Amino acid sequence: MIIETKQLNKTFVQGDSQIQAVKDVSMQVKDGETISIIGKSGSGKTTLLSLLTGLEQATTGSITLNGNTITAMSEQELAQYRAKEVGIVFQQFHLIPHLTALENVSLSLEIAGTDDVQEKAKNALKLVGLENRLDHLPSKLSGGENQRVAIARAIVNEPKILFADEPSGNLDLETGKKVMDLIFDICQKQGMTLVLVTHDQQLAQRCQRQVQISNGQMI
Amino acid sequence: MRLIKYFVSQLINNRSFSLLFILNLAIGLSSFVTLDVFKNSISTSINSKSKLLLGADFGLSSRQPLLDDKFNTAFDELKQPDAETSIVETFSMIAGPTGQSRLVQIKAIEEDFPFYGDITINKDNKNQVGVASRLQNAEIAWIYPELLIQLNVKIGEKIKIGQTEFVVKAIVENDSAEGITTSMAPRVYIGLKNLEKTQLIQFGSVAWYSKLYKIEYEDFDQLIDLKLDLKDKLSEPSLQIYTHKDVSEQTSRILKYLNDFLGLVSIAALFLSAIGGAFLFRSYLIKQIKPIGIYLSLGMTNKQVFLLQSLQLLMLGVISALLSLIFGFTLSPLLKVITQGLLPFELQTQLQTGTIYLILILGCVGSILIGAPILSQIYNIKPNILLRNQTTQFLKRNFGFWLSLFIGLVFLWALSVWQADSVNTGSLFTGLFILAGLLITGFAYSVLYLLKTFNLFKSLSFKWAVRDIVRLPFSSISIFLSIGLGMLLLNLIPQIKASINYELTMPKDSKLPSFFMFDIQEDQMNALKDITKKYNIDLVQTSPMVRARLKKINNKDFKDLQIDGENLNREQQRRQMSRNRGYNLSYRNGLGIGESIHKGTPLNEYDHSAMTGISLEKRFSERLDVKIGDVLLFDIQGVEVEGKIVNIRKVQWTTFQPNFFILFPDGVLNEAPKTYISSVPKISGKIKQDFQNSVVKTLPNVSIIDVTRLVKRIKGIIQQMSWALQFMTIICLLAGFLVLFSITNYQARQKSKDIALLKSLGGSFSLIRSFFNWQVLIVTVFSGLFGVLVCFILSYFLSMLLFDSKWIVELQTPILSVLGLILVSLLISYLATNKSLNIKASKLLND
């Protein structure tokens with residue numbers, strides 16, 4: 001199993017009250033599998049993704065990614081792990097506005113300490129069809145193009161797992177479809193495991209498996 | 001109006017911006033409040049004491065004895081005074097019973113002096129009001145307390161003033177007419193009737209003859225009218241006519257110059273605050289573009305948005321102003337330290353209504369001007385921005401941007417002129433400030449270019465830091481500019497002080513004299529030479545001095561060239577002062593010590609057949625507004641002498657050698673009645689005292705200035721003034737650091753998303769920290785060095801042009817300030833970055 005969670009819980013404290021965003025989630029994902037986490041707004045799907053990517057610390061329970069228990073890792077170890085083993089695509093793209101498309105993609109490689117940064121970044125952008133937009137700033141690119149840069153940044157280190165949080169949520173139907181086609185295509189070609197968070201049932205159906213989440217619990 | 005609440009809540013929801021903006025502007029305005037409170041306290045204190053300082057309502061002074069008839073006739077035709085009294089003031093050496101001597105100010109008074117205030121004397125261990133009539137009947141004197149030690153004299157013993165011995169009858173405990181000059185030489189009161197017996201006043205002696213009047217008046221303007229009418233009637237340029245307020249203004253003149261300079265430093269602090277404020281407001285407004293888009297899409301007009309955003313600025317401006325009034329008033333007593341010894345009384349600091357209005361206006365206008373260039377950029381914004389992701393692209397530098405920037409600079413200039421009370425100084429300051437800003441900006445752009453072009457280090461964090469600095473030029477240049485200007489101001493004052501101090505320091509091989517002597521009569525020269533021979537001393541630059549009045553310039557009556565009026569600016573005041581005096585002429589062939597020809601040709605030897613060439617000192621020629629080729633006509637004891645200016649001389653006055661504003665060649669004035677001035681080269685302590693005592697004993701009318709003591713006193717005054725300047729500079733620096741904090745903190749907050757992203761991409765804390773540290777280090781090192789470099793350039797020109805002194809590099813302050821800057825900046829950056837680092841990267845998913 002490339003992903004395995006056991007009795008995963010996440011509780012947020014808000015003032016005097018406690019909100020349990022994730023409750024006793026235990027799941028397993030096979031290597032190369034594509035799964036979708038679906039649920040309504042506020043169901044806890046994004047929190048679950050935060051826990052799986054190590055962006056948030058679990059209150060209790062464990063997460064094992066590719067044999068490494070990330071819940072036992074320090075911030076430093078988590079950062080190193082994310083740099084090499086995991087790719088994340090955000091709904092809001094989160095590109096650095098004053099960096100070009102090429103520089104935004106290079107950033108991942110530089111953090112991971114990879115060689116041939118330029119070459120690999122260019123290849124990644126070529127893979128997402130942006131070989132002619134290398135020196136463009138995010139402000140000069142369309143929404144779909146920005147998301148493609150973000151995808152290139154996420155896959156450039158050839159991670160084992162790609163996490164995607166509503167990647168087409170900010171795009172129109174047609175562009176969104178193209179972006180999703182691209183993600184599925186890359187995952188298939190590179191044998192990457194995909195964990196897709198969405199509220200779109202149709203999109204979720206494109207994954208091999210669907211995990212429904214409601215009130216923080218798997219149903 | 002109902003919409004205002006949304007904009008108020010916008011401010012409340014952006015508390016950190018609001019607080020930083022208020023704090024930023026409040027610090028800038030605090031320096032203004034402090035200074036205004038200080039200025040008002042001086043002027044109120046002095047004005048309230050102006051009648052006491054003069055001891056009368058009105059006065060006339062001249063270097064020549066005043067003829068009663070002439071003045072009485074003039075007064076008869078204008079306004080009859082209620083009472084009048086005469087006084088004569090002179091500087092002279094006096095000796096105690098053991099032969100100890102000291103330069104003092106002799107004030108010979110008549111029995112009814114003063115009309116206002118009193119001279120409290122201590123007699124038989126009791127304080128009482130001195131009755132001046134007692135001074136008239138016998139050779140008795142009242143002396144200032146410090147003379148007891150300096151002359152080794154006790155009450156009841158005798159002191160020698162000129163040729164006569166006076167009994168010390170009392171010590172002056174409190175003198176309502178104590179002015180600034182008394183701190184240079186202690187005062188001795190004697191009766192006017194006894195002055196003649198001293199034989200101090202001889203031909204050419206430096207003495208001031210005054211007539212003081214008590215005049216009943218309902219409105220002060222009556223005194224001003226009287227002054228102007230008398231000037232017309234008496235038409236005597238060498239006669240000074242003044243009201244009691246003129247005297248108080250003269251008393252505070254030394255502090256006025258300081259105030260002007262402090263004023264300019266306070267403008268610099270305000271300007272720094274403006275830079276920080278503008279930066280903060282820009283960041284805030286960028287954040288508000290989306291809400292603005294929402295307001296517009298809901299039907300609000302651009303004008304409404306613009307006005308409501310301006311209203312926000314106004315609110316922040318008013319709060320800043322109120323806060324600065326509290327800050328400034330709390331800090332102002334610290335400035336009192338500098339008046340100790342400069343003013344004869346202690347200042348009482350008070351906040352005046354005028355100051356409150358001024359600061360409120362500055363807060364409101366200032367905050368609007370700070371925001372105007374950025375506000376003008378959003379004026380044409382369209383609601384479709386809601387459909388875009390990038391909002392900064394809507395901020396275009398349009399006509400409104402440049403216009404409001406221009407208005408801001410004009411406001412800065414107007415403020416400088418007003419603070420300095422001089423168009424020239426204000427313009428020079430604004431010009432230099434803009435020049436310094438341009439230089440720093442130029443340097444900053446060069447650094448950005450170099451950083452872009454050359455890859456200095458391979459380190460990833462350094463590369464990112466450079467990339468951020470280069471890609472965000474507006475914020476980078478803003479930081480370069482604000483820190484650079486702060487460092488410039490911090491270093492400029494110690495730098496100039498170092499140059500002035502160097503001029504006044506007496507190293508072992510210095511040519512600074514020990515004594516400067518004046519009032520030497522022609523027939524006393526041989527006796528003086530005998531004394532110098534006895535002590536094996538050679539007199540230096542002994543120069544004849546001839547009193548004269550300037551009658552005409554280029555055949556025009558000098559009187560017609562005078563500037564009259566009450567509301568003269570600083571340049572006019574200086575010009576008027578230099579024009580109202582009689583002049584001391586001298587003659588010699590060749591240049592003296594500390595002199596060099598600035599323009600023109602050396603003085604030729606005297607030739608009967610041609611018009612005499614004369615030489616004028618550079619600044620004196622500027623004040624007189626004359627140039628080479630102009631012809632001046634002098635009246636020397638009724639004889640007219642004409643001279644054409646052939647050269648303009650630069651004189652290094654700090655050599656303390658006998659130098660003159662106007663020089664004739666040898667031969668023209670030789671027959672005119674004259675006295676001599678001379679200097680004594682540096683001699684050791686024991687011989688110095690013996691020589692001084694010996695001169696006083698043999699030639700009691702000759703005045704001797706102890707140059708060492710004088711230099712010490714001047715250095716003391718400079719030290720006191722530099723404390724004040726450093727105090728204001730600290731406020732300025734505080735403003736600079738707050739700008740730095742505002743910018744660094746805001747950038748770190750703005751970058752919190754970038755930090756979260758870097759974390760989500762696997763960037764370690766140390767990598768992210770090192771990235772920010774590099775950014776801060778690059779910016780602070782370069783901006784600090786630019787500030788210091790520009791400071792060196794400006795101080796060089798100021799030393800050479802304004803102070804005529806040698807430029808001295810003072811390295812301690814620049815090194816310490818740059819190191820301090822780097823350390824403080826790194827600390828600020830660490831704290832600000834830390835806050836952002838602790839925000840969870842999952843924030844990105846929740847957006």
Side-chain angles (χ1 to χ4, degrees), chain A residues 10 45-51 53-57 74-100 103-104 106-113 117 137-143 146 150 153-154 156-157 159 163 165-166 170 197, chain B residues 286 290 385 387-396 448 452 458-476 747 750-771 775 834 837-847:
Chain A
K10 178 68 188 176
K45 55 186 189 301
T46 299
T47 308
L48 180 60
L49 191 74
S50 305
L51 295 173
T53 50
L55 297 178
E56 195 76 66
Q57 291 275 7
S74 66
E75 278 275 2
Q76 186 69 29
E77 288 166 331
L78 265 175
Q80 279 174 4
Y81 186 79
R82 267 198 307 268
K84 289 179 177 160
E85 308 289 332
V86 166
I88 310 171
V89 179
F90 303 96
Q91 182 181 356
Q92 308 279 1
F93 325 141
H94 293 311
L95 299 176
I96 295 183
H98 57 270
L99 300 187
T100 62
E103 287 167 340
N104 264 295
S106 303
L107 203 60
S108 281
L109 293 161
E110 286 169 338
I111 290 172
V117 170
L137 290 171
S139 57
K140 303 289 173 200
L141 297 170
S142 69
N146 272 323
R153 183 179 63 189
V156 72
N157 274 324
F163 292 99
D165 179 35
E166 308 261 20
N170 256 9
V197 166
Chain B
I286 287 170
K290 284 234 161 158
I385 52 162
L387 306 173
R388 307 284 176 87
N389 264 323
Q390 296 295 321
T391 45
T392 45
Q393 59 186 291
F394 293 93
L395 297 181
K396 298 258 164 30
L448 293 193
K452 206 168 149 181
K458 295 283 173 210
S459 144
L460 186 60
S461 49
F462 179 79
K463 198 176 107 180
W464 287 355
V466 167
R467 197 162 58 189
D468 261 31
I469 291 168
V470 172
R471 295 287 169 80
L472 301 167
F474 179 84
S475 58
S476 304
Q747 271 204 324
Q750 289 285 92
K751 284 179 188 292
S752 62
K753 268 195 177 180
D754 293 356
I755 289 175
L757 181 68
L758 290 173
K759 277 167 72 180
S760 74
L761 292 176
S764 64
F765 276 28
S766 59
L767 178 72
I768 298 169
R769 264 205 199 99
S770 140
F771 160 45
Q775 258 191 335
N834 228 22
L837 274 173
N838 288 326
I839 297 170
K840 293 276 176 204
S842 57
K843 179 181 182 291
L844 291 172
L845 293 170
N846 297 325
D847 263 343

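Just so you know, these numbers come straight off a predicted model, no measurement behind them. First the proteins, then the strands, lettered A, B, ... as listed; each starts at 1.
A/I96 contributes atom CD1, which lies 11.0 Å from atom CZ of B/R471 (distance to the nearest 0.5 angstrom). Between the CG atom of B/L767 and the CD1 atom of A/I111 there is a distance of 6.5 Å, given to the nearest 0.5 Å.
For A/Y81, the ring pair (Phe, Tyr, Trp, His ring centres under 6.0 Å) test picks out no residue, with sequence neighbours left out.
Inter-residue side-chain proximity for A/L107 and B/L758 is flagged as met; some heavy-atom pair is nearer than 4.5 Å.
The contact between A/L99 and chain B is made by backbone and side chain atoms together, counting heavy-atom distances below 4.5 Å.
Checking each of A/R153, A/E110, A/H94, A/R82 against B/L761 for a side chain to side chain contact (heavy atoms under 4.5 Å, CB included) leaves exactly one that passes, namely A/R153.
A/I88 and B/S760 make their closest contact through CD1-O, 3.9 Å (heavy atoms, listed as atom of the first residue, atom of the second, distance). Shortest non-hydrogen contact noted between B/G763 and A/A79 is O-CB, 3.8 Å.
Heavy-atom pairs under 4.5 Å with chain B were tallied for A/K84, A/Q57, A/E103, A/Q80; the largest tally goes to A/E103.
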